[in-house]
Amino acid sequence: MAGALAGAGIVWQTPANPPEAQDYIFRNGRRYVRPYYFEFISHAKNRWAGKTIVDLFTDEFKGRPREYYVHAVKCGRLQVDEQMVHADYIVKSSQKISHFLHRHEPPVLGGNIVILQNEVDVVTVCKPASVPVHPCGQYRKNTVVGIMEAEHGLTPLFPVHRLDRLVSGLLIFAKSAEQAECFRQQIEANLLQKEYVAKVVGAFPEGEQTVDANVNFNAREGRSTVEVSNGPGKPLPSGKQACTKFQRICTDGTHSIVLCKPVTGRTHQIRVHLKHLGYPIANDELYVSGDFCPRSSKGTSIHRATSLACSLPSSDPDNSAEADSEFGIDPMCSNCPNLAPVGYDGDEEGLWLHCVRYTGPDWCYECPYPDWASLDNVSGKKMKPDVPPEN
């Protein structure tokens with residue numbers, strides 16, 4: 001690294017650094033990532049051009065105060081084209097901007113990622129809830145792809161399909177680009193059938209229930225809505241065409257276990273279609289009620305003073321009662337001395353939605369049902385399932 005931090009003894013990581021087993025810390029049922037130094041790289045957008053480096057970061061990345069960015073430039077933690085600059089430096093379009101950070105990833109639930117099948121070209125796993133499939137947002141090592149590489153040495157992996165972070169169950173990975181392309185062609189030809197199981201509010205009706213209603217995803221709000229036509233002469237619904245078939249497995253009158261077969265694959269499709277039917281997933285805060293704060297927005301504010309010292313990170317765990325002896329404390333880091341970043345308190349649980357089966361033209365992969373989807377006991381009493389499980 002160029003500038004003031006060169007030769008300082010800090011090991012800066014980039015996406016080229018693979019996750020390793022020792023990167024993870026398990027505590028209170030959660031999997032944490034040992035904080036590490038990371039180079040975030042971006043290229044200046046046209047709308048950034050003409051702004052000072054400090055103004056740009058203050059306006060675009062509001063998670064830290066202006067004073068932090070002033071000192072980050074002074075210390076060389078904000079660089080342009082691999083060179084140190086001054087706080088009044090005017091950014092030009094397409095320039096490479098590096099932000100060197102002490103990175104704290106959000107925690108995920110601490111369950112193991114169980115390998116179900118490990119074949120020559122394909123590996124299938126049971127994904128725990130709360131773990132994203134691949135690097136995104138603040139997650140890099142705390143992902144299924146990262147954990148599989150760190151704990152099982154499986155890389156590269158190509159996700160055949162994706163599950164929302166809070167959803168658990170079957171994940172299929174191709175081990176080669178060629179096999180991934182084969183799966184992609186089958187998906188494009190609509191040759192795959194998907195099955196999920198959900199625990200919903202209320203006594204779900206008997207018989208197959210089909211929802212054929214457009215789904216419109218609002219990326220800003222992080223939620224989907226269902227839109228249907230109101231009859232002749234009315235505006236056509238917007239959003240993407242979506243269809244899901246549902247079949248009750250069993251019920252105790254208060255909750256029901258429901259088999260879900262999405263014909264299409266829209267964002268939050270199963271969740272919002274169940275809500276549309278009047279039987280939302282029982283622990284789905286986003287669709288059971290309107291009072292919900294997306295987790296991704298919780299860490300956008302700094303709730304404590306940020307140290308403005310331009311010193312090197314300390315390895316002294318006594319800097320705070322919460323300091324962890326397994327990693328150094330960086331006095332410029334707004335998240336230290338905690339393992340999790342600000343706003344992630346580790347109280348999140350997974351959705352009661354679980355992928356159980358994917359079927360293709362000449363293959364079928366399955367995943368065991370989760371504990372909450374017990375067919376013998378939903379709320380303390382024995383029941384005969386309406387639809388017997390296939391696995």
Under 3.5 Å, side chain of [X] to main-chain N/O of [Y], donor-acceptor pair present?
| X | Y | answer |
| --- | --- | --- |
| Gln193 | Asn190 | no |
| Asp330 | Met332 | yes |
| Asp81 | Gln83 | no |
| Arg357 | Cys367 | no |
| Lys45 | Ser94 | no |
| Ser256 | Val258 | no |

Legend entry - Residue pairs, two or more places apart or on separate chains, that pass salt bridge (charged side-chain N to carboxylate O under 4.0 Å, His left out) and touch residues 104-117: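 As it turns out, there is no salt bridge (charged side-chain N to carboxylate O under 4.0 Å, His left out) pair with a partner in residues 104-117 once direct neighbours are skipped.
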
Inset, instruction - Sort and list the pairs that fulfil salt bridge (charged side-chain N to carboxylate O under 4.0 Å, His left out) and have at least one residue in residues 152-162, not counting sequence neighbours. - result: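 Counting only pairs at least two positions apart or across chains, no salt bridge (charged side-chain N to carboxylate O under 4.0 Å, His left out) contact touches residues 152-162.
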
Legend entry - Salt bridge flag under 4.0 Å for residues Arg30 and Glu349: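 A salt bridge links Arg30 with Glu349.
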
Inset, instruction - Would you mind checking if Glu60 and Arg47 are paired as a salt bridge, meaning a charged N to carboxylate O distance below 4.0 Å? - result: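 Yes.
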
[X]: what forms a side-chain hydrogen bond (donor to acceptor under 3.5 Å, both in side chains) with it, not counting sequence neighbours?
| X | answer |
| --- | --- |
| Lys141 | Gln13, Asp23 |
| Tyr69 | none |
| Gln269 | Thr244, Thr264 |
| Lys96 | Glu82 |

Legend entry - Partner residues of Arg31 under the salt bridge (charged side-chain N to carboxylate O under 4.0 Å, His left out) criterion, sequence neighbours left out: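 Partners of Arg31 by the salt bridge (charged side-chain N to carboxylate O under 4.0 Å, His left out) criterion, ordered by chain and then number, come out as Glu151.
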
Inset, instruction - List for me each residue that meets salt bridge (charged side-chain N to carboxylate O under 4.0 Å, His left out) alongside Glu181, sequence neighbours excluded, and say none if there are none. - result: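 By the salt bridge (charged side-chain N to carboxylate O under 4.0 Å, His left out) rule, Glu181 matches Arg184.
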
Inset, instruction - Just say parallel, tilted or perpendicular for the rings of His268 and Tyr287, cut-offs at 30° and 60°. - result: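 The arrangement is perpendicular - the two ring planes meet at more than 60°.
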
In terms of side-chain heavy atoms, does [X] have a donor or acceptor partner in [Y] at a distance below 3.5 Å?
| X | Y | value |
| --- | --- | --- |
| Asn216 | Thr225 | no |
| Gln79 | Ser98 | no |
| Tyr32 | Asn142 | no |
| Gln241 | Asn214 | no |

Inset, instruction - Would you sort out whether His273 and Phe246 count as a side chain to side chain contact (heavy atoms under 4.5 Å, CB included), showing the intermediate values? - result: CA-CA 10 Å; His273 274 180; Phe246 300 100; 3.9 Å; yes

Legend entry - Near-ring test His354/Tyr196, centroid separation under 6.0 angstrom: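 Ring centres of His354 and Tyr196 not closer than 6.0 Å.
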
Contact check, side chains of [X] and [Y], non-hydrogen atoms, under 4.5 Å:
| X | Y | answer |
| --- | --- | --- |
| Leu170 | Cys126 | no |
| Ile97 | Val91 | yes |
| Tyr24 | Pro19 | yes |
| Lys127 | Ile113 | no |
| Thr359 | Leu192 | no |

Measuring from atom [atom1] of [X] to atom [atom2] of [Y], what distance do you get when rounded to the nearest 0.5 angstrom?
| X | Y | atom1 | atom2 | result |
| --- | --- | --- | --- | --- |
| Thr58 | Lys51 | OG1 | NZ | 9.5 Å |
| Ser334 | His102 | OG | NE2 | 11.0 Å |
| Arg64 | Cys333 | CZ | SG | 7.0 Å |
| Asn283 | Leu351 | CG | CG | 5.5 Å |
| His104 | Asn335 | NE2 | CG | 5.0 Å |
| Ile270 | Asp284 | CD1 | CG | 11.5 Å |

If you take all heavy atoms of [X] and [Y], which pair is closest and at what distance?
| X | Y | value |
| --- | --- | --- |
| Thr143 | Val133 | CB-O, 3.9 Å |
| Pro370 | Val197 | CD-CG1, 4.1 Å |
| Ser224 | Thr267 | OG-O, 2.8 Å |
| Ser168 | Leu163 | O-CD1, 3.7 Å |
| Leu339 | Val33 | CD2-O, 4.2 Å |
| Ala87 | Val54 | O-CG2, 3.6 Å |

Inset, instruction - Identify, with sequence neighbours excluded, every residue that meets ring pair (Phe, Tyr, Trp, His ring centres under 6.0 Å) alongside His276. - result: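 Counting only residues at least two positions away or on another chain, His276 forms no ring pair (Phe, Tyr, Trp, His ring centres under 6.0 Å).
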
Inset, instruction - Can you sort out the partners of Phe204 under ring pair (Phe, Tyr, Trp, His ring centres under 6.0 Å), two or more places apart, ordered by chain and number? - result: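 Counting only residues at least two positions away or on another chain, Phe204 forms a ring pair (Phe, Tyr, Trp, His ring centres under 6.0 Å) with Tyr279.
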
Inset, instruction - Kindly determine whether Cys75 and Phe100 satisfy side chain to side chain contact (heavy atoms under 4.5 Å, CB included), including the steps that lead there. - result: CA-CA 10 Å; Cys75 295; Phe100 299 93; over 6 Å; no

Legend entry - Pairs satisfying ring pair (Phe, Tyr, Trp, His ring centres under 6.0 Å), at least one member in residues 147-191, at least two apart: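 Matches after skipping sequence neighbours: His161-Tyr358, Phe183-Trp363.
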
Legend entry - Chi angles and distances behind the side chain to side chain donor-acceptor pair (under 3.5 Å) call for Gln95, Tyr89: CA-CA 12 Å; Gln95 285 186 306; Tyr89 179 84; 2.8 Å; yes

Inset, instruction - Evaluate the side chain to side chain contact (heavy atoms under 4.5 Å, CB included) criterion for residues Glu366 and Val356: first the C-alpha distance (whole Å), next the side-chain angles of each, then the deciding distance (0.1 Å), finally the verdict. - result: CA-CA 6 Å; Glu366 298 183 348; Val356 294; over 6 Å; no

Legend entry - Residues Asp55, Arg66; criterion salt bridge (charged side-chain N to carboxylate O under 4.0 Å, His left out); working and verdict: CA-CA 8 Å; Asp55 286 344; Arg66 180 182 181 86; 2.6 Å; yes

Inset, instruction - Tell me whether the guanidinium CZ or amine NZ of Arg103 lies under 6.0 angstrom from the six-membered ring centre of Phe38 and within 45° of its axis. - result: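 Cation-pi check for Arg103 and Phe38: passes.
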
Donor-acceptor contacts under 3.5 Å from residues 117-125 side chains, at least two apart:
{"residue": "Gln117", "atom": "OE1", "partner": "Thr124", "partner atom": "OG1", "Å": "2.1"}
{"residue": "Asn118", "atom": "OD1", "partner": "Lys175", "partner atom": "NZ", "Å": "2.5"}
{"residue": "Glu119", "atom": "OE1", "partner": "Tyr365", "partner atom": "OH", "Å": "2.8"}
{"residue": "Thr124", "atom": "OG1", "partner": "Gln117", "partner atom": "N", "Å": "3.1"}

Inset, instruction - Can you establish whether the number of heavy atoms outside Lys245 located under 6.0 Å from its atom NZ is more than 12? - result: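 Count not over threshold, so no.
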
